[in-house]
*Asks:* 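Would you mind keeping the following structure in view while I ask a few things?
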Amino acid sequence: MADTAGWIALVATCVAALMTASNLGARTTGWGFVIFTLGAAAWITVGVATHQTQLLYSNIFLGLVDVFGVWRWLGRRARISDTARAEEEKSGRRAGESLFSTGKIDGLPVKSSDGEVLATSVDALAACDGGRIDFLIIRAGGIGGVGETLYRLPWSEARVRDGEITTTLSRAALSRLTVADGG
């Protein structure tokens, strides 16, 4: 029994870790916490069956944290995401410019007018007075965060449509943008 529970715990923990670390949205993260909860239950079974009190107590605690994660990501965050999506859809049916959720900025591709992916958006900075977005922080180059450069893309050079950001800037023009310095 302990051996089977150990394998279930191992697989569940690995799958859940991939799901939550991937940052694929509230629902995926929430289901990752559901799987983490199942993994914790399996580790608790192993702890009881093998008399490993540290494994038992640590996974009782982790199981409680996982239940909190389920509530936060499948309950609260999923509700917020659903509300933002519904409001986006309503705004698209009104005359004039439609709205988008700034929570979706992270990870949107930044494309040139000919469709070439130049960078990826990671954040937006807005004015405290009025809320107007001033610029986007975008990342270009590198692999997995190593060697990448963060630039400030002026909002006047960005258009958000259909899950992507387009700009009239070329790759060469993009490389001449102000570098965002986290120093």
Side-chain angles (χ1 to χ4, degrees), residues 11-36 69-70 72-183:
V11 170
T13 303
C14 291
V15 168
L18 285 171
M19 290 175 73
T20 56
S22 296
N23 194 22
L24 296 173
R27 291 206 190 313
T28 301
T29 300
W31 281 105
F33 277 107
V34 169
I35 296 171
F36 263 138
V70 170
R72 184 178 193 283
W73 291 100
L74 279 182
R76 186 170 180 251
R77 291 301 313 169
R79 186 175 138 254
I80 291 167
S81 294
D82 292 347
T83 301
R85 186 178 314 107
E87 291 299 322
E88 282 178 338
E89 289 172 8
K90 284 181 198 175
S91 78
R93 291 189 292 258
R94 293 191 313 237
E97 194 169 11
S98 60
L99 302 174
F100 71 95
S101 168
T102 58
K104 291 181 181 177
I105 287 287
D106 185 22
L108 290 182
V110 178
K111 295 184 176 182
S112 65
S113 55
D114 66 358
E116 177 190 8
V117 176
L118 303 173
T120 303
S121 178
V122 294
D123 209 339
L125 275 78
C128 293
D129 294 332
R132 184 186 61 78
I133 295 175
D134 191 49
F135 63 89
L136 300 176
I137 297 176
I138 60 173
R139 63 179 168 82
I143 297 174
V146 177
E148 72 185 6
T149 303
L150 300 176
Y151 295 103
R152 292 172 56 164
L153 177 63
W155 187 243
S156 60
E157 295 291 341
R159 301 291 174 268
V160 179
R161 286 188 195 91
D162 302 323
E164 64 186 31
I165 298 165
T166 57
T167 183
T168 58
L169 298 178
S170 65
R171 183 172 298 281
L174 184 117
S175 69
R176 291 189 298 271
L177 291 173
T178 302
V179 172
D181 181 15

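Along the sequence shown, the residues carry numbers beginning at 1.
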*Asks:* To the closest 0.5 Å, what do you measure between CZ (F33) and CG (L74)?
*Replies:* 10.0 Å
*Asks:* With sequence neighbours left out, write down each residue that passes salt bridge (Lys or Arg N to Asp or Glu O under 4.0 Å) with R76, or none if nothing qualifies.
*Replies:* none
*Asks:* Working to the nearest 0.5 angstrom, can you tell me the gap between L125 CG and I137 CD1?
*Replies:* 5.0 Å
*Asks:* Quick one: OG1 on T166 to CG on D114, what's the gap to the nearest 0.5 Å?
*Replies:* 11.5 Å
*Asks:* Where is the tightest heavy-atom contact between I138 and A119, given as atom of each residue plus distance?
*Replies:* CD1-CB, 3.9 Å
*Asks:* Taking atom CZ of F36 and atom OG1 of T13, what is their separation to the nearest 0.5 Å?
*Replies:* 6.5 Å
*Asks:* So, for G131 and A126, which heavy atoms are closest and what is the spacing to 0.1 Å?
*Replies:* O-CB, 3.6 Å
*Asks:* Applying the side chain to side chain contact (heavy atoms under 4.5 Å, CB included) test to W73, which of T20, T28, T29 qualifies?
*Replies:* T29
*Asks:* For the atom pair CG (D162) and CG (L108), what is the distance rounded to the nearest 0.5 Å?
*Replies:* 11.0 Å
*Asks:* Taking salt bridge (Lys or Arg N to Asp or Glu O under 4.0 Å) as the definition, give me every residue that meets it alongside R152, ordered by chain and number, with sequence neighbours left out.
*Replies:* none
*Asks:* Listing request: all salt bridge (charged side-chain N to carboxylate O under 4.0 Å, His left out) pairs with a residue in residues 15-28, at least two apart in sequence or in separate chains.
*Replies:* R27-D82
*Asks:* Above 12 or not: heavy atoms from other molecules or residues under 6.0 Å from CH2 of W155?
*Replies:* yes
*Asks:* What's the separation between atom CG in L150 and atom OG1 in T120, rounded to the nearest 0.5 Å?
*Replies:* 11.0 Å
